Undergrad: 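Have a look at the structure that comes next, please.
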Amino acid sequence: MEAGRLVPDPSVALPARAPDRTIRMRLTGGMEKYDWAFDGQPYSAKQRRPVEAGKRVRVVFDNGTAMWHPLHLHGHTFALAGNAAGARKDTAIVLPHRSLTVEFDADNPGLWMVHCHNVYHAEAGMMTVLGYRA
């Protein structure tokens with residue numbers, strides 16, 4: 001069954017709301033060079049993608065690679081965009097050469113990893129940090 005067809009209990013569904021911020025992340029890399037990354041930049045502990053507490057955040061994952069990538073967000077659950085009343089998830093697959101849009105409420109301040117759940121891709125650099133602004 002596709003996640004978009006699942007319906008959660010109303011007590012855990014995201015309320016309908018327009019996003020306050022959109023973050024785009026392009027999944028890049030390939031098997032030949034094994035250079036997996038977001039936006040062509042491998043993970044760096046200094047890199048942050050800022051979010052603000054209390055905001056609705058939309059994340060658009062554009063997969064520019066020929067592989068499936070199960071993307072995982074720590075510290076939050078998200079809904080697939082266009083289906084805020086749908087299932088809450090923390091991992092979703094982005095198909096090759098496709099996009100996936102998710103939304104979450106920034107309600108858990110801290111530094112949170114976003115990474116490919118294929119550990120070899122994450123270790124090669126396909127991970128980044130969402131960091132709350134003070």
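Worth saying up front: this structure is predicted, and the values here are computed from it rather than measured.
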Undergrad: Quick one: are Leu80 and Thr101 in side-chain contact, heavy atoms under 4.5 Å?
TA: no

Undergrad: Kindly indicate whether the side chain of Glu52, heavy atoms from C-beta on, has any atom under 4.5 Å from the side chain of Tyr132.
TA: no

Undergrad: Applying side chain to side chain contact (heavy atoms under 4.5 Å, CB included) to Tyr43 and Met126, what does each step give before you reach the verdict?
TA: CA-CA 6 Å; Tyr43 172 73; Met126 191 177 276; over 6 Å; no

Undergrad: Please assess Val114 against His72 for the test side chain to side chain contact (heavy atoms under 4.5 Å, CB included), listing each intermediate value before the final yes or no.
TA: CA-CA 6 Å; Val114 178; His72 177 67; over 6 Å; no

Undergrad: Do Arg58 and Phe104 make a side-chain contact, defined as non-hydrogen atoms from C-beta onward lying under 4.5 Å apart?
TA: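 Side-chain contact under 4.5 Å: no.
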
Undergrad: For Leu130, which of Ile23, Val57, Leu111 qualifies under side chain to side chain contact (heavy atoms under 4.5 Å, CB included)?
TA: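 Testing Leu130 for a side chain to side chain contact (heavy atoms under 4.5 Å, CB included) against Ile23, Val57, Leu111 leaves exactly one candidate, Ile23.
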
Undergrad: With side chain to side chain contact (heavy atoms under 4.5 Å, CB included) as the criterion, how do Met25 and Val59 come out once you've worked through the C-alpha distance, each side chain's angles and the decisive distance to 0.1 Å?
TA: CA-CA 7 Å; Met25 292 189 217; Val59 182; 4.0 Å; yes

Undergrad: Name all residues meeting the side-chain contact (heavy atoms from CB on, under 4.5 Å) criterion together with His97; count only those two or more places apart in sequence or in a different chain, and write none if there are none.
TA: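 Applying side-chain contact (heavy atoms from CB on, under 4.5 Å) to His97 gives Ala66.
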
Undergrad: Hey, any chance Val119 and Trp68 share a hydrophobic cluster, counting ILVMFWY side chains that come within less than 4.5 Å of each other, even indirectly?
TA: no

Undergrad: Got Glu103 and Arg17 here, is their nearest side-chain heavy-atom distance under 4.5 Å?
TA: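 Glu103 vs Arg17: side chains apart.
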
Undergrad: Under a single-linkage definition using a 4.5 Å side-chain heavy-atom cutoff for Ile, Leu, Val, Met, Phe, Trp and Tyr, are Met127 and Leu27 assigned to the same hydrophobic cluster?
TA: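 The answer is no; the residues belong to distinct hydrophobic clusters.
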
Undergrad: What about Tyr120 and Leu71, same hydrophobic cluster or not, with Ile/Leu/Val/Met/Phe/Trp/Tyr joined at side-chain heavy-atom distances under 4.5 Å?
TA: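 Hydrophobic grouping puts Tyr120 with Leu71.
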
Undergrad: Using 30° and 60° as the class limits, which term best fits the ring planes of His69 and Trp36: parallel, tilted or perpendicular?
TA: perpendicular

Undergrad: Measure the acute angle between the ring planes of His74 and His115, then classify it against the limits of 30° and 60° as parallel, tilted or perpendicular.
TA: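 Answer is tilted, since the angle falls between 30° and 60°.
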
Undergrad: Might you confirm whether atom CZ of Arg133 has over 12 heavy atoms from other residues, nucleotides or ligands at distances under 6.0 Å?
TA: yes

Undergrad: I want to check something: taking the side chain as every heavy atom from C-beta on, are Gln47 and Val129 in contact at a cut-off of under 4.5 Å?
TA: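 No, every pair of side-chain atoms sits at 4.5 Å or beyond.
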
Undergrad: Can you give me the closest heavy-atom contact between Ala37 and Pro42, atom names plus distance?
TA: CB-N, 3.7 Å

Undergrad: Mind jotting down which residue pairs meet the side-chain hydrogen bond (donor to acceptor under 3.5 Å, both in side chains) criterion with at least one end in residues 21-30? Sequence neighbours excluded, please.
TA: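 Non-adjacent pairs meeting side-chain hydrogen bond (donor to acceptor under 3.5 Å, both in side chains): Arg24-Asp62.
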
Undergrad: With Leu100 as reference, evaluate Asn63, Leu95, Val94 under the side chain to side chain contact (heavy atoms under 4.5 Å, CB included) test and give the passing residue.
TA: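 Of all the options given, the one that passes is Val94.
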
Undergrad: Restricting to side-chain contact (heavy atoms from CB on, under 4.5 Å), what partner residues turn up for Pro70, sequence neighbours left out?
TA: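 If we apply the side-chain contact (heavy atoms from CB on, under 4.5 Å) test to Pro70, skipping adjacent residues, the hits are Thr91, Ile93, Cys116, His117.
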
Undergrad: Is there a side-chain contact between Asp90 and His76 (heavy atoms, below 4.5 Å)?
TA: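 Of all side-chain heavy-atom pairs linking His76 with Asp90, none is under 4.5 Å.
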
Undergrad: Please determine whether a side-chain nitrogen of the Lys or Arg among Arg56 and Asp107 lies less than 4.0 Å from a carboxylate oxygen of the Asp or Glu.
TA: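 Not counted as a salt bridge, because no side-chain N and carboxylate O are separated by less than 4.0 Å.
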
Undergrad: Using side-chain heavy atoms (C-beta onward) and a distance below 4.5 Å, is Val102 in contact with Phe61?
TA: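 Sidechains of Phe61 and Val102: in contact.
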
